[in-house]
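Below: one structure, written as structure tokens.
Note that the coordinates shown come from a computational prediction; the quantities given were computed from them, not determined experimentally.
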Amino acid sequence: MGKLTDKIITEFVSQYGDNFNSTDEINSKMQQFMTQCNNVGRDEFEGYSPVEMSDILYCTFSTGNIVQLKECSSDVYNESPLFRQIKYVISVLQRDGKIKLTTKGALPSKLVKELYPLGALDYWVETGLTKVYKEADTISTQLTHLIMKQMKIVKETHGVMTIVKGRTKMLEDDHALMKSMLYVMTNLFNFAYFDLMEENLGVVGIGYSIVLLHKYGDKKRDATFYSTKYFKALFPGEDDHYVYWIRVFDRCLRQLGLIAYKERRFCESPDIQKTDLFDKLITVAAPKGK
């Protein structure tokens, strides 16, 4: 009980009193109380309960009930930039049987140049400040390679990429492929990989950002609107808005085709709006705990 906050202790005593016959009775009442608390919606979670937040944070696009992928046609899935890129690499592997990587273990230059136009376009490339020659030149081409490996649909041996044995059936099922890609992007991939900034911000709880976009994304809102709500729920007192929006919005959700925004000056937060694809792909259940 020493770990409980004063507020919880006060609420417990108010509901159950402080006169118990045994330690077993205290423990039993406390268990009832905590179960009750964990199933009550909270304002800082947009009305979701702690139990529902666990579903959002750890079961996104997998075994959870709140954030899930809809059954769609392949044409809808192909509206996702990252999905198109992954499908293209798969098609090359199916055609050629393998892809010879560079000496640094990256996708070859020819393939990178073919991949780039299929993905989310890069500001620096589109303004002519940089060009695409190698995998490391854009986030989208790096993500394509990294996510495919985390999806465990390819393996690399002695500098050669091939399809993992036994994954052929999945590669023919666009729904399964999309679900796996979304699960990796929102639960497994560490978006701090591309920078040296605060480790956990924007890495934990991408599913909650999807919930916020579902609720508020019909009209353009400054990115800080979302980061403020994200911090309130998951990182109280945090205010590093740039780290949040560059990881969650630019490196994750824009690459998936779920949001759109107009580029602004460096470090200036953009106005975010969900795309039509967001609602075609994703279903978000309303909170039950409030």
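- Asp250 is not listed as a side-chain neighbour of Phe194, based on a closest heavy-atom distance of 4.5 Å or more.
- Note that OG1 of Thr275 is 8.5 Å distant from CD1 of Ile259, once rounded to the nearest 0.5 Å.
- The structure places CG of Asp122 at 6.0 Å from OG1 of Thr138, a figure rounded to the nearest 0.5 Å.
- For Phe231, the ring pair (Phe, Tyr, Trp, His ring centres under 6.0 Å) partners at least two apart in sequence or on another chain are His241.
- Atom OG in Ser49 sits 9.0 Å away from atom CG in Asp55 (nearest 0.5 Å).
- Side-chain contact between Glu79 and Asp276 is absent, with no heavy-atom pair separated by less than 4.5 Å.
- Separation of atoms OG1 (Thr144) and CG (Leu115) is listed at 5.5 Å; rounding is to 0.5 Å.
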Point to revise | Stepwise side-chain contact (heavy atoms from CB on, under 4.5 Å) test for Leu57 and Tyr208 | key: CA-CA 7 Å; Leu57 297 178; Tyr208 187 62; 4.3 Å; yes

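- Looking at residues two or more places apart in sequence or on another chain, you find a ring pair (Phe, Tyr, Trp, His ring centres under 6.0 Å) between Tyr226 and Phe249.
- Ile56 places none of its side-chain heavy atoms less than 4.5 Å from the side chain of Phe45.
- For Lys288 and Glu52, the salt-bridge test fails: no basic side-chain N is under 4.0 Å from an acidic carboxylate O.
- Within the 4.5 Å cutoff, side-chain heavy atoms of Ile272 are placed close to those of Leu213.
- Proximity of a side-chain donor or acceptor of Arg251 to a complementary backbone N or O of Ile139 within less than 3.5 Å is not detected.
- Every side-chain hydrogen bond (donor to acceptor under 3.5 Å, both in side chains) that Lys274 has, sequence neighbours left out, goes to Asp218, Asp279.
- When the ring pair (Phe, Tyr, Trp, His ring centres under 6.0 Å) test is applied to Phe191, the partners found at least two apart in sequence or on another chain are Phe189.
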**Study point:** Intermediate values then yes/no, side-chain contact (heavy atoms from CB on, under 4.5 Å), Val112 and Asp137
**Key:** CA-CA 9 Å; Val112 167; Asp137 287 336; over 6 Å; no

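- From Ile210, atom CD1 reaches atom SG of Cys252 across 6.5 Å, with rounding to the nearest 0.5 Å.
- A side chain to side chain donor-acceptor pair (under 3.5 Å) with Tyr77 holds for exactly one of His175, Arg84, Lys280; it is His175.
- Summarising the geometry of Leu69 relative to Phe61, their closest heavy-atom pair is N-CD2, 3.7 Å, with the distance given to 0.1 Å.
- For the pair Val76 and Met178, the minimum side-chain heavy-atom distance is 4.5 Å or more.
- Closest heavy-atom contact between Tyr88 and Leu111: CE2-CD1, 3.6 Å.
- Proximity of Tyr133 to Lys113: side-chain heavy atoms (C-beta onward) are separated by under 4.5 Å at one or more points.
- Note that the CG atom of Asn65 and the SG atom of Cys59 stand 8.5 Å from one another [nearest 0.5 Å].
- When only modelled atom types and interatomic distance are considered, Asp222 and Thr224 share a side-chain donor-acceptor pair under 3.5 Å.
- Proximity of Met170 to Ile153: side-chain heavy atoms (C-beta onward) are separated by under 4.5 Å at one or more points.
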Which donor-acceptor pairs under 3.5 Å do the side chains of residues 154-168 make with protein atoms, sequence neighbours left out?
unit_1: Glu156; atom_1: OE2; unit_2: His145; atom_2: NE2; d: 2.4
unit_1: Arg167; atom_1: NE; unit_2: Lys152; atom_2: O; d: 3.1
unit_1: Arg167; atom_1: NH2; unit_2: Met151; atom_2: O; d: 3.0

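- Shown here for Val203 and Tyr230, the closest heavy-atom pair between the two residues is N-OH, 4.2 Å.
- Closest approach of Leu256 to Ser80, counting heavy atoms only: O-OG, 2.9 Å.
- With sequence neighbours excluded, the residues forming a ring pair (Phe, Tyr, Trp, His ring centres under 6.0 Å) with Tyr216 are Phe225, listed by chain and number.
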Practice item. Please step through side-chain contact (heavy atoms from CB on, under 4.5 Å) for the pair Thr60 and Ile206, ending with a clear verdict. Key: CA-CA 9 Å; Thr60 308; Ile206 291 178; over 6 Å; no

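- The minimum heavy-atom distance between Ala120 and Pro81, with the atom names listed, is N-CB, 3.4 Å.
- Atom NZ of Lys98 sits in a sparse spot, with 12 or fewer heavy atoms from other residues, nucleotides or ligands closer than 6.0 Å.
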Practice item. Under the side-chain contact (heavy atoms from CB on, under 4.5 Å) rule, what do Phe83 and Asn78 come out as? Steps first, then yes or no, please. Key: CA-CA 6 Å; Phe83 186 81; Asn78 277 305; 3.7 Å; yes

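- In plain terms, the two heavy atoms of Lys87 and Leu171 that are nearest each other are NZ-O, 3.9 Å.
- Residues Met185 and Leu143 are in side-chain contact: their nearest non-hydrogen atoms beyond the backbone lie under 4.5 Å apart.
- Remark: the backbone N or O of Leu82 is not paired with any side-chain donor or acceptor of Gln255 at under 3.5 angstrom.
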